[in-house]
Visitor: 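Structure in structure tokens, see below.
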Amino acid sequence: MTDVLIRAVVATAAAGIVSGLGALPLLFIPDVPARIYSTLLGFSGGVMLGMATLVLLPRAADEGSAAAVLSGVVAGAVFVLLMEWALPHLEPHFGAHSFDPGLRDALLLAVAIAIHNVPEGLAMGLGYATGEEGVGPKLVVAVAFQNIPEGLAVALPLRRNGVRPIGAVAFAALSGLTEVIGATVGVVCAGLIDALLPFGLAFAAGALIYVMADQLIPEAHDTARGSLPAWGTTTGILLVLALGWIFGLSL
Ligand SMILES: [Zn+2]
């Protein structure tokens with residue numbers, strides 16, 4: 001388990017830090033056009049949907065009973081819902097509602113995205129815990145791509161509220177590093193109790209689907225009209241599919 005844990009923590013930390021990359025353009029330009037921003041949010045949602053349905057759920061179903069998989073998905077979705085209830089001011093609105101929030105709201109948004117990153121970390125950690133060659137790295141690369149828009153979503157409101165560019169970039173990178181927590185929990189739990197793996201994979205899938213459907217897709221369409229966010233989502237799914245072949249997986 002230790003070996004898997006070390007590999008998962010290092011890879012997840014790298015994927016998390018990529019969130020800072022998403023914020024880098026703000027060092028050079030003051031703002032990002034709404035059309036680009038919303039397309040990227042749609043893309044982020046597509047990657048989450050692809051990870052859940054193409055990677056996590058098939059593996060959960062391979063190894064677990066129907067009851068474990070179905071209850072895992074529901075538990076993951078309910079977990080995110082409860083998190084949002086418990087932290088009402090942390091409801092992340094990536095787009096229009098908080099396009100110009102105050103500094104306090106901007107910080108809360110950053111924390112919210114950091115918390116929403118925990119299921120992504122869980123997914124990556126459990127990917128390593130499956131022991132199937134290539135699954136962990138595939139999820140890490142998918143999340144890294146997906147963290148670029150999320151980093152931007154953290155940094156943009158901070159920048160608009162006068163936080164210095166380098167501070168906004170650092171905050172974005174930090175928000176991504178919470179994924180290491182999720183990955184550690186995933187690897188340790190699956191390592192201690194074998195039977196938890198299928199449930200955990202389904203749990204991570206349910207949480208990702210819920211965040212995607214509840215936050216990213218609606219916000220993407222709120223921020224800009226037109227078909228661009230939908231093309232972003234489609235591209236996100238294509239990326240997850242392509243990564244499967246690149247890593248030599250059937251999916
Ligand atoms: Zn992410």
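Just so you know, residue 1 is the first one in the sequence shown, and it goes up from there. Counting convention: from 1, in listed order, for ligands and their atoms alike.
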Visitor: Angle class for the Phe79/Phe203 ring planes (parallel below 30°, perpendicular above 60°, tilted otherwise)?
Guide: tilted
Visitor: In the shown structure, where waters are left out, how many protein N, O or S atoms lie under 2.8 Å from the Zn ion (ligand 1)?
Guide: 5
Visitor: List the atom of Ala202, the atom of Ala60, and the distance in Å for their closest heavy-atom pair.
Guide: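 Shortest heavy-atom separation between Ala202 and Ala60 comes out as N-CB, 4.0 Å.
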Visitor: Is the shortest side-chain heavy-atom distance between Ile237 and Leu49 below 4.5 Å?
Guide: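 Contact flag for Ile237/Leu49 side chains = yes.
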Visitor: What heavy-atom pair brings Ala52 and Pro58 nearest, and what distance separates the two atoms?
Guide: O-CD, 4.4 Å
Visitor: Restricting to non-hydrogen atoms, name the atom on Phe199 and the atom on Ala68 that form the minimum distance, rounded to 0.1 Å.
Guide: CD1-O, 3.5 Å
Visitor: For Leu216 and Leu41, work out which heavy atoms get closest and say how close.
Guide: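 For Leu216 and Leu41, the tightest heavy-atom pair comes out as CD2-CD2, 3.9 Å.
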